[in-house]
Amino acid sequence: MSYVDEVLAKVKEKNASEPEFLQAVEEVLDSLRPVIEANEEEYKKQALLERLCEPERQIKFRVPWVDDNGQVQVNTGYRVQFNSAIGPYKGGIRLHPSVYIGIIKFLGFEQIFKNSLTGLAIGGGKGGSDFDPKGKSDMEIMRFCQSFMTELFRHIGADTDVPAGDIGTGGREIGYMFGQYKRLRNSFEGVLTGKGLAFGGSLARTEATGYGLLYLTNEMLKTNGIDIAGKTICVSGAGNVAIYAIQKAQQLGAKVVTCSDSTGWIYDKEGIDVALLKEIKEVKRARLDAYAAARPSAEYHDKKAEGSNVWDIKCDIALPCATQNELGIDDAKTLVANGVTAVAEGANMPTTLEATEYFQKNGVLFAPGKAANAGGVATSALEMSQNSERLSWSFEEVDQKLEQIMVNIFRNLDAAAKKYGFEGNYVVGANIAGFEKVAEAMLAEGIV
Ligand code: NDP
């Protein structure tokens with residue numbers, strides 16, 4: 001049995017009740033086979049893969065808070081500090097009822113390679129809670145965030161672990177968490193990213209993941225002789241990543257015709273009106289049927305009633321930007337039959353392994369999330385730099401750095417894929433390019 005298979009078997013046995021984590025580990029280790037085989041003896045002796053798959057630390061805690069009726073509610077909080085070989089732990093906080101340790105571990109594991117790919121000094125971590133922000137009042141959100149931070153603060157710090165936003169955690173939640181951290185520590189430091197501009201946030205952080213997705217997608221298309229201008233794009237999601245992906249795609253001359261939320265989706269043949277979408281999602285925090293009600297060119301589809309989704313619409317490029325495993329094998333078959341040429345993941349692991357393989361077998365250019373959505377964390381690291389300098393850079397300066405980082409990520413993963421004989425396989429390229437630096441640092445730092 002090869003070393004990779006040995007470790008995969010151990011990880012499966014040890015984490016049997018965490019399918020998302022197993023899926024992420026399997027995908028990464030499988031694609032690292034060529035590098036591992038080239039160094040098998042040393043890696044095995046050092047138990048490098050076993051250490052890589054075991055979080056350095058995982059914290060689970062009670063989050064009690066009082067709702068508007070005076071009733072005490074209890075949620076579970078998590079922070080997984082997965083790997084600090086190349087820098088302080090860095091990764092978002094997800095607030096969603098589906099959160100459990102397996103989701104946080106999968107996200108933290110992916111984050112190690114993503115952060116390494118950015119070329120910046122940040123390790124991998126992730127956190128969250130099974131708290132559902134939907135339908136909560138502003139005061140309930142604040143009380144939850146304060147309670148969450150009242151435990152988390154002792155485990156994080158500007159040089160230790162720097163959390164950020166993710167599903168359910170936006171600027172408002174980061175503000176409340178930062179305020180509570182500052183109060184508990186009596187220290188104003190860059191401990192969270194995605195902060196408001198008035199207290200250490202970075203310009204362009206809000207736009208960064210969506211914009212970065214398009215910068216990388218554009219570079220991938222250009223490398224393959226394709227012009228993005230004039231192309232039809234299907235986007236899923238209607239949150240932070242989706243909104244700014246749509247905006248940048250339009251700026252690059254493409255036409256985005258779909259978006260979605262957890263209840264339904266929009267097909268707008270005239271192209272999505274970003275200003276209207278922002279008004280509905282960022283200001284009114286409403287459902288997407290409000291978009292169709294305000295725009296005659298748009299159709300609203302109820303996901304459950306119709307059993308349909310955005311991938312049923314014919315497009316050249318698909319950008320899944322909602323959540324994990326939202327694009328399965330049947331969707332992949334429909335997209336390929338409709339002539340899709342490129343898929344780039346804005347969300348984390350939105351495409352199932354089976355669907356990814358189907359795209360690759362059918363010659364579809366496929367950019368994995370750990371590379372394609374790294375713009376958010378890269379800009380978070382730029383926010384950390386600005387906080388350390390006590391300076392703020394202009395929007396243009398941050399945006400230019402972001403674009404350069406995304407172009408470099410693509411070039412590095414393209415080169416890594418070629419070096420190991422997997423030209424055009426950007427999944428393998430991203431995993432190898434991300435892994436090499438982390439492995440080198442782990443070996444140099446000894447058995448820790
Ligand atoms: P948001 O919470 O802003 O938006 C998420 C969007 O996806 C919403 O439209 C939401 O709909 C929809 N969605 C969430 N869960 C589900 C579900 N189970 N089924 C169907 N739709 C769902 O999150 P972000 O845009 O920040 O994040 C989206 C993805 O991108 C996540 O995978 C995240 O980990 C990843 N990511 C985000 C980064 C960032 O900087 N924000 C950085 C890198 C990756 P509804 O409103 O109805 O819940």
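For ligands, and for the atoms within them, numbers begin at 1 and follow the listed sequence. Bear in mind that the values here come from a model prediction, so they are computed numbers and not experimental data.
Contact atoms of ligand 1 toward G168: 2 (O) (distance under 4.0 Å to a heavy atom of the residue). Near A347, the atoms of ligand 1 lying under 4.0 angstrom from a non-hydrogen atom of the residue are 29 (C), 30 (O), 32 (O), 35 (C). Every atom of ligand 1 is numbered from 1 in the order shown, and the set under 4.0 Å from a heavy atom of K303 is 20 (C). Residue contact check: R94 has heavy atoms under 4.0 Å from atoms 31 (C), 32 (O), 33 (C), 34 (O) of ligand 1. Ligand 1 places these atoms under 4.0 Å from at least one heavy atom of R287: 45 (P), 47 (O).
Of all non-hydrogen atoms in G135 and E140, the two that sit nearest each other are O-OE1, 4.5 Å. Closest approach of Q360 and N425 over heavy atoms only: NE2-OD1, 3.0 Å.
Ranking the protein heavy atoms by distance from atom 34 (O) of ligand 1 puts D166 OD1, 2.6 Å first. Nearest to atom 32 (O) of ligand 1 among the protein's heavy atoms is N348 N, 3.1 Å.
Note on ligand 1: S260 sits in its first shell, one or more heavy atoms being nearer than 4.0 Å. Under a 4.0 Å heavy-atom criterion, E326 is not in contact with ligand 1. Within the 4.0 Å heavy-atom cutoff, Q324 does not count among the residues contacting ligand 1.
Taking only nitrogen or oxygen atoms, main chain and side chain alike, D261 does not reach within less than 3.5 Å of ligand 1. In terms of polar-atom proximity, N240 is counted as a contact of ligand 1, with an N or O under 3.5 Å from an N or O of the ligand. In terms of N/O distances under 3.5 Å, ligand 1 is approached by S262. Any N or O atom pair closer than 3.5 Å counts here, and T209 shares at least one such pair with ligand 1. Every N/O-N/O distance between K126 and ligand 1 stays at or above 3.5 Å. Polar contact with ligand 1: present for A238 (N/O pair, distance under 3.5 Å).
Under 4.0 Å from ligand 1, not a single heavy atom of M349 appears. Contact annotation for R205 and ligand 1: only side-chain heavy atoms (C-beta onward) come within less than 4.0 Å of the ligand. With a 4.0 Å heavy-atom cut-off, ligand 1 is reached by the side chain of K134 but not by its N, CA, C or O. Residue-level proximity to ligand 1 for C321 is carried by the backbone, the only part with a heavy atom below 4.0 angstrom. Contacts with ligand 1 closer than 4.0 Å are made by no heavy atom of Q111, backbone or side chain. Here A164 has no heavy atoms under 4.0 Å from ligand 1, in either its backbone or its side chain.
Note on ring orientation: taking the six-membered ring where Trp is involved, the planes of H301 and W265 are parallel (angle under 30°, cut-offs 30° and 60°).
E54 and K14 are joined by a salt bridge, as a carboxylate oxygen and a charged side-chain nitrogen come within less than 4.0 angstrom of each other. A salt bridge is defined here as a Lys NZ or Arg NE, NH1 or NH2 lying under 4.0 Å from an Asp or Glu carboxylate O, and D316 with K255 fails to meet this definition.
Aromatic ring centroids of F410 and Y215 lie 6.0 Å or more apart. Checked against a 6.0 Å centroid threshold, the rings of F148 and Y78 do not count as neighbours.
Distance check: L117 CG to F435 CZ gives 13.0 Å after rounding to the nearest 0.5 Å.
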*Kindly indicate, with the supporting measurements, whether the criterion ring pair (Phe, Tyr, Trp, His ring centres under 6.0 Å) is fulfilled by F82 and Y89.*
CA-CA 7 Å; F82 222 118; Y89 311 105; 9.5 Å; no
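Taking only non-hydrogen atoms, the option from T323, V241, L107, L213 nearest to atom 14 (C) of ligand 1 is T323. Summarising the contacts of atom 28 (C) of ligand 1 with G91, G239, A322, the nearest heavy atom is found in A322.
Of the residues listed (K182, M149, R172), the one engaging M177 in a side chain to side chain contact (heavy atoms under 4.5 Å, CB included) is M149, and it is the only one.
Seen from the ring of W393, K401 counts as a face-on cation partner, given the 6.0 Å and 45° thresholds.
Side-chain N or O atoms of D30 include none that pairs as donor or acceptor with a backbone N or O of E27 at under 3.5 Å.
Judged by distance alone, the side chains of E110 and N348 never bring a donor and an acceptor atom under 3.5 Å apart. Between the side chains of S297 and D268, a donor-acceptor pair is found at a separation under 3.5 Å.
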